[in-house]
2 protein chains.
Amino acid sequence: MSRHKILIVEDEPVIAENISLYLDNNDFEVSGIAYDAAEAFDQLKTNTPDAVILDINLESDHSGIDIAQHINQRYQLPFIFLTSYADKNTLERAKQVKPDGYIVKPFNERTLLASLEIAISNYAERKNHGLPGLSMDKLNRYLHTPFSDREFEIVCLVYQGMTNSQIAEMVFISQNTVKTHLKNIHLKMDANTRLEVINNLRNLMLK
Amino acid sequence: MSRHKILIVEDEPVIAENISLYLDNNDFEVSGIAYDAAEAFDQLKTNTPDAVILDINLESDHSGIDIAQHINQRYQLPFIFLTSYADKNTLERAKQVKPDGYIVKPFNERTLLASLEIAISNYAERKNHGLPGLSMDKLNRYLHTPFSDREFEIVCLVYQGMTNSQIAEMVFISQNTVKTHLKNIHLKMDANTRLEVINNLRNLMLK
DNA sequence: CCTGCATTCACCCCAACGGGTGATTTTTAT
DNA sequence: ATAAAAATCACCCGTTGGGGTGAATGCAGG
């Protein structure tokens, strides 16, 4: 697991350096520091950060929120906001660009660290919506009664939209057996139809 | 826009009260305070919070992470973690249950406020009518034959897992009409079942 | 006017799904 | 060795879904 590369966008050099040092000492790599929006756009183009820390209140023409929009449009990276003060309007605008975290100065450094970690892992999770993102371990953490190997295999096929007979054919068992497994899956997931199963899975994976 | 109801799960009465007061003064409604896991489970059942603030390190048998799992399984509510200390293992476990925010004590109260707001709005966004970011315009760009208003309305409900009779009830038309619309939707989307429709939609939304 | 188009609904048929019950075999763990 | 869990399959029955056909209404634009 290589260190995650972070871009810091912060016009206050002291704070920026501070964060940079702290990240460097805690398994992150600082891919760059941008002191204004222009530099931020530049760094986004040349570097390939895994996440961005964005000060909302930059002293330049662009606010951090504009940069966030740019990130959403162009790079689809996770970012967290950093601010010393946010009025209702700013907070409203900040919410609209869907940040992956929000931290108010003065902040505990562990807050930043935890927020970053969670932002990155949640973001990675959101990117893998297909089946590949869902491991049996991950799924079982959300269930009262864990799935068996077979059940997991079948629930994946259900998720892909397979019918019982298609599943039966693929897994080399009878349709009756598929139905039995599905029945147990319904019980374990507290669902009544395969559509509920699929919705539950999607909700769990999005979390 | 009514005040969002928050459940606080925190074994330290002083902190819990503190948060409660602060939220109350800032457009939130505290639906309850739980001082241990049992109370938390109880409150989750009886109250209907919009979000939960969870202390990770409870002094009881259950940790906040267990409660988080319970929330994921049963209630699918947004929650944010609150902690005074988190080692690597705890943080790892915390990440796995996909919190919607993470705050380290001592925290700036505005941090809490912003995190809560963002957690709730992001969560609503994710749940939001099934088709996050998919407008009829956007969808129609991918179709040979565009959808009518009614068809779009119905396809959204299908995507959410509604049955034909449920849709009929919601839209105030007969099940036969729903079937007719769905038939046309199948044609336009080149699908044979509602599950294929759902899969197609999901694929389209991911560009 | 009248021609599309959207919307509404009916009826038939069969395949698929979900619930219930019960049973056998294989695998795993103690 | 034996008990527990997992996996296999069968049969019944009622509900739902999907395909086909047909048709009435209302509304907008040429």
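Side chains included, hydrogens not; waters and symmetry mates left out as well; all remaining heavy atoms used. None of these values were measured; they are calculated from a predicted model. Quick note on labels: first sequence line is chain A, next is B, and so on, each numbered from 1.
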Sequence neighbours excluded - salt bridge (Lys or Arg N to Asp or Glu O under 4.0 Å) pairs with any residue from residues 22-35 of chain B: A/Lys88-B/Asp27, B/Arg3-B/Asp24
Does A/Glu117 come within less than 4.0 Å of A/Arg110, counting only side-chain N to carboxylate O? no
Taking atom types as modelled and ignoring hydrogens, do the side chains of A/Ser174 and A/Thr177 form a donor-acceptor contact shorter than 3.5 angstrom? yes
List for me each residue that meets side-chain contact (heavy atoms from CB on, under 4.5 Å) alongside A/Thr145, sequence neighbours excluded, and say none if there are none. A/Lys188
Can you measure B/Asp149 atom CG to C/dT8 atom C1' for me and round it to whole angstrom units? 15 Å
For the side chain of A/His181, counting heavy atoms from C-beta on, which of D/dT8, C/dC9, C/dT7 is nearest? D/dT8
Are A/Thr48 and A/Lys5 close enough that a side-chain donor and a side-chain acceptor fall under 3.5 Å? yes
Whole-Å gap separating C1' (D/dA7) and CD1 (A/Ile167): 16 Å
Closer to the 5' end of DNA chain C via nearest nucleotide, is it B/Phe172 or B/Pro146? B/Pro146
Whole-Å distance between C/dG22 P and A/Asn184 CG? 16 Å
Would you call B/Asp55 and B/Ile15 a side-chain contact if the rule is heavy atoms closer than 4.5 Å? no
Walk along nucleotides 10-26 of chain D from 5' to 3' and tag each nucleotide B, S or - by protein heavy-atom contact under 4.0 Å, base first, then sugar-phosphate. BB-----SBBBB-----
Send over the distance from A/Ile173 CD1 to D/dA6 C1', rounded to a whole Å. 12 Å
